[in-house]
Amino acid sequence: MAKKLTSREEDYSKWYNELVMQADLAQHSDVKGCMVIKPYGYAIWENMRDVLDKMFKDTGHQNAYFPLFIPKSYMSKEAKHVEGFAKECAVVTHYRLKNDENGGVVVDPDAKLEEELIVRPTSETIIWNTYRTWIQSYRDLPILINQWANVVRWEMRTRLFLRTAEFLWQEGHTAHATKAEAIEESEKMLHVYASFAEQWMAMPVVRGVKSESERFAGAEDTYCIEALMQDGKALQAGTSHFLGQNFAKAFDVKFADKTGKMEHVWASSWGVSTRLMGALIMTHSDDEGLVLPPKLAPIQVVMVPIYKNEEQLNALSEKMDELSAKLSDLGIRVKVDLDDTKKPGWKFAEYELKGVPVRIAMGPRDLENGSIEVARRDTKEKQGIPLEGAANFVADLLNKIQENLFLRSAAFRTEHTTEVQDYAEFKEVLEAKGGFVSAHWDGTAETEEKIKQETKATIRCIPLDAKEEEGKCIYTGAPSNKRVLFAKAY
RNA sequence: CGGGGCGUAGCGCAGUCCGGUUAGCGCACCUGGUUUGGGACCAGGGGGUCGCAGGUUCGAAUCCUGCCGCCCCGACCA
């Protein structure tokens, strides 16, 4: 019986949900809005995490860990911050249960907390409250810290990986002596995210800055990377914030500069989450299942034997182990699937569903000819090649697949990025084609809001590389000097 | 919070309108055998508080009342 996915064309949203569950990446948990990340999904996340962690360390950051719980009062110290997060905070009010007469448990009313604790939706407040005790002098700066953690945002509507009530992420929190340095840091990390997305996830992104209304609660500027999904909707894949002195002022974090003058510290924060999993899935996958870029695939090459009897299996197994060892020596993650309870056809379909980039099949014919069959997941092409030299061929093929996935999604994005001159055209493109729509905007939140109300499209970002260009706002006709990117977004 | 849908075996579902033997099907699972170049086949087998609580009835998965939970679409958001 074939597991058949709903096609993307038929129902993109359904396709995504089925894919996540059938490829064994995650499932809904018993708790509303929360997911269980299954081993195969978690393995992909671990790969992402490891690469990012190294990139952070290579740029001078260290890991640390701060509490899950934040005293309620901290949340209100930065006005915009509380406004942004208050509506989605989980609150801990008690610290103990007790048995009730029916054999169950109830919250012990005597165990009420003096001050409620917020389950962190992000850690700026608790971290800045801590930084106060770390920083006295310019000599204590900069502080370049990253934390891997889970956070909770009580979203009304959730989707596996894209928006869950609890999610895994990393959050960098840095403290600097000067404004320029803090800005430089937030821009630097944006570029770290962008190169991760492009070089590892094979996902092209637009680097930009958010408009005021899309800005992080408490930031002076929010930089972001925006990716385009196959259904023409944009996905914010990572953000990096220049926080100015907002949190330093809210938590009274000052340092003595070289002249002995006390000054508030400048800050940045930046994060990516398990949402990147959603981005990865939606960027490359097809109606047959997941398509993973080789650099992040838990299994890069799978080998499937085809045999009629035990002698054949033994002979194949020997050859496959040899090839497997050669591939491992080249640093390739390879699996030899000798499971006798599943037929080759089943395995082919299964590994396609799971997005394994390269499949090698080897049967009696190959034993005779000294050959193997190599199939690539991205194009579904199959070819026979000599066993001799196969390891290098496969290593090379993995690179080609990685490159092809990037080029393919880059071409899709180019195809789905449209410059428009007026509002009629804007609406038409949005409706008929979707994708990024590049248009002039008068720079006001009112216009942005009206366009959002009328079309559901928001300003994804003002691209960092937007060229100076005289134009008129598509909505109000007011002068504008650069184009911004609009899209319907996740 | 508005609209829709669903809750029956590990998963996916039928049965509910119109109450009536022992609650059924597909996949998965177990045993044996034949198979293996694109999701094999045959035979046998195990597995159920029908979401929860009340009620009506000789009898409830099915009717009534209340509750709970989840999913999808929208508003909100990374």
Side-chain angles (χ1 to χ4, degrees), chain A residues 1-6 11 13-14 16-18 21-22 24 27-35 83-89 102 121-122 151-171 193 210 213-217 222 224-227 234-241 269-279 288-289 304-310 312-313 316 337-353 359-369 371-373 375 380 382 384 452-453 456 458 460 489-490:
Chain A
M1 240 306 264
K3 284 188 197 170
K4 198 69 187 158
L5 286 173
T6 299
D11 188 338
S13 182
K14 202 169 172 194
Y16 175 81
N17 277 317
E18 289 178 3
M21 291 192 273
Q22 290 189 22
D24 236 9
Q27 67 181 72
H28 293 286
S29 72
D30 292 345
V31 182
K32 181 182 166 64
C34 294
M35 64 176 167
E83 192 185 311
F85 287 103
K87 286 176 294 183
E88 48 190 33
C89 283
N102 308 323
T122 178
V151 288
V152 170
R153 295 181 190 176
W154 212 270
E155 300 287 352
M156 295 184 188
R157 208 161 107 53
T158 59
R159 296 193 69 189
L160 293 167
F161 289 118
L162 294 174
R163 180 170 299 105
T164 45
E166 178 193 13
F167 56 94
L168 306 183
W169 77 344
Q170 59 71 217
E171 45 182 328
Y193 288 155
K210 287 289 187 191
S213 54
E214 295 277 328
R215 196 176 286 160
F216 175 76
T222 289
C224 62
I225 52 172
E226 292 284 328
L235 183 78
Q236 178 175 305
T239 48
S240 180
H241 317 291
S269 72
W270 28 274
V272 294
S273 71
T274 34
R275 180 178 241 205
L276 286 180
M277 292 284 294
E288 268 68 51
V304 177
I306 298 155
Y307 52 92
K308 294 204 190 315
N309 53 53
E310 201 161 332
Q312 281 180 359
L313 174 59
L316 286 166
D337 188 347
L338 297 178
D339 184 351
D340 189 42
T341 67
K342 304 278 195 291
K343 291 183 62 177
W346 190 93
K347 292 178 184 175
F348 292 175
E350 183 67 12
Y351 290 114
E352 264 159 29
L353 181 60
R359 183 186 73 231
I360 294 174
M362 201 174 182
R365 290 206 301 265
D366 296 302
L367 275 180
E368 251 173 64
N369 304 335
S371 61
I372 57 172
E373 182 194 78
K380 305 283 295 288
K382 291 192 277 198
K452 182 180 175 183
Q453 291 301 326
K456 295 207 170 90
T458 50
R460 300 323 303 153
Y490 275 94

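What's counted below: heavy atoms across the whole structure, side chains too, no hydrogens, waters or symmetry copies. Note on naming: letters A, B, ... go to the chains in the order of the sequence lines (proteins, then strands), and numbering restarts at 1 for each one. Quick caveat: nothing in here was measured; it's all calculated off a predicted structure.
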*Under 4.0 angstrom, heavy atoms only, what part of the nucleic acid is A/K343 near: base, sugar-phosphate, or nothing?*
base
*Take A/S273 and A/D340, find for each the nucleotide of RNA chain B with the closest heavy atom, and name the residue whose nucleotide sits nearer the 5' end.*
A/D340
*How do A/V31 and A/A361 order along RNA chain B: which one's closest nucleotide is nearer the 5' end?*
A/A361
*Among B/G39, B/A78, B/C71, which is the nearest nucleotide to the side chain of A/R153?*
B/A78
_Touch class at under 4.0 angstrom, heavy-atom based, for A/L235 against every strand present_ = nothing
*Starting at atom CG of A/D11, determine the distance to atom P of B/C72, rounded to an integer number of angstrom.*
11 Å
*Taking atom P in both B/G2 and B/U8, what distance in whole Å separates the two?*
25 Å
*Scan A/F216 against the nucleic acid and name what it touches under 4.0 Å (heavy atoms): base, sugar-phosphate only, or nothing.*
nothing
*Choose from B/G38, B/U36, B/G39 the nucleotide whose nearest atom is closest to any side-chain atom of A/E352.*
B/G38
*Please check if the side chain of A/E18 supplies one atom and the backbone of A/T6 the other of a donor-acceptor pair under 3.5 Å.*
yes
*Has the side chain of A/K347 got a donor or acceptor atom that lies under 3.5 Å from a matching backbone atom of A/V304?*
no
*Nearest-angstrom distance, P atom, B/G24 to B/U16*: 15 Å
_Carboxylate-amine/guanidinium proximity below 4.0 Å for A/E350 and A/K342_ = no
*So does A/K347 reach the base of B/G37 with its side chain, donor to acceptor, closer than 3.5 Å?*
no
*Which part of the nucleic acid does A/R359 contact within heavy-atom distance under 4.0 Å: base, sugar-phosphate only, or nothing?*
base
_For A/K308, is there any backbone N or O sitting under 3.5 Å from a side-chain donor or acceptor partner on A/Q312?_
yes
*Please determine if a side-chain N or O atom of A/R157 lies less than 4.0 Å away from the OP1 or OP2 oxygen of B/G74.*
yes
*Rounding to the closest angstrom, what is the interatomic distance between B/A28 and B/G46 at atom C1'?*
13 Å
_side-chain N/O A/N17 vs B/C72 OP1/OP2, d < 4.0 Å_ = yes
*If we call it a pair only when both distances are under 3.5 Å in a Watson-Crick or G-U wobble match, what pairs with B/G10?*
B/C27
*Euclidean distance for P, B/G55 against B/A9 (whole angstrom)*: 25 Å
*Choose from B/G74, B/G37, B/G38 the nucleotide whose nearest atom is closest to any side-chain atom of A/K456.*
B/G74
*For A/W169, which residues count as a ring-ring contact (aromatic ring centres under 6.0 Å, His included) partner, sequence neighbours excluded?*
A/F167
*Nearest to side-chain heavy atoms of A/K452, which nucleotide of B/G37, B/C76, B/C71*: B/C76
_Both distances below 3.5 Å, Watson-Crick or wobble geometry, any strand: find the nucleotide opposite B/C50._
none
_C1' gap between B/C1 and B/C11, integer Å_ = 32 Å
_Nucleotide nearest A/P344 (side chain, heavy atoms from C-beta), chosen from B/G37, B/A78, B/C70_ = B/G37
_Nearest-Å distance once atom P is located in both B/G19 and B/G3_ = 31 Å
*Which of the following nucleotides, B/U36, B/C76, B/C29, is nearest to the side chain of A/K342?*
B/C29
*Between P of B/G12 and CE of A/M21, the distance in whole Å*: 8 Å
_B/A43 and B/G48, which share atom name P, separated by this distance in whole Å_ = 25 Å
*Nearest to the side chain of A/S13, which nucleotide is it out of B/C73, B/G37, B/A78?*
B/C73
_Side chain of A/K87 only, heavy atoms from C-beta on: which candidate in B/C76, B/G37, B/G39 is closest?_
B/C76
*Check: A/A165 main-chain N/O paired with A/R153 side-chain donor or acceptor under 3.5 Å*: no
*asked:* Could you identify the nucleotide paired to B/U62, looking across every strand shown and requiring Watson-Crick or G-U wobble geometry with both distances under 3.5 Å?
replied: none
*Value in whole Å for how far the P atom of B/A40 lies from CZ of A/F348*: 11 Å
*Using 4.0 Å as the upper bound for N to carboxylate O, is an ion pair formed by A/E352 and A/R359?*
yes
*asked:* Between B/G20 and B/A60, how many Å separate the two C1' atoms, rounded to a whole number?
replied: 10 Å
*Checking all strands, does A/T158 fall into the base, sugar-phosphate, or nothing category for heavy-atom contacts under 4.0 angstrom?*
sugar-phosphate
*Is the A/H241 ring parallel, tilted or perpendicular to the A/F216 ring (thresholds 30°, 60°)?*
parallel
*Report yes if at least one side-chain N or O of A/K382 is closer than 4.0 Å to OP1 or OP2 of B/G37; otherwise report no.*
no
*In whole angstroms, how far is the P atom of B/C71 from the CE atom of A/M35?*
13 Å
*Assign A/P305 to base, sugar-phosphate, or nothing according to its heavy-atom contacts below 4.0 angstrom with the strands shown.*
nothing
_Can you identify which nucleotide, out of B/G37, B/A78, B/G38, has its nearest atom closest to the A/R275 side chain?_
B/A78
*Look at all strands and tell whether A/Q236 reaches a base, only sugar-phosphate, or nothing, counting heavy atoms closer than 4.0 Å.*
sugar-phosphate
*Go ahead and name the base partner of B/U57; Watson-Crick or wobble counts if both distances stay under 3.5 Å, otherwise write none.*
none
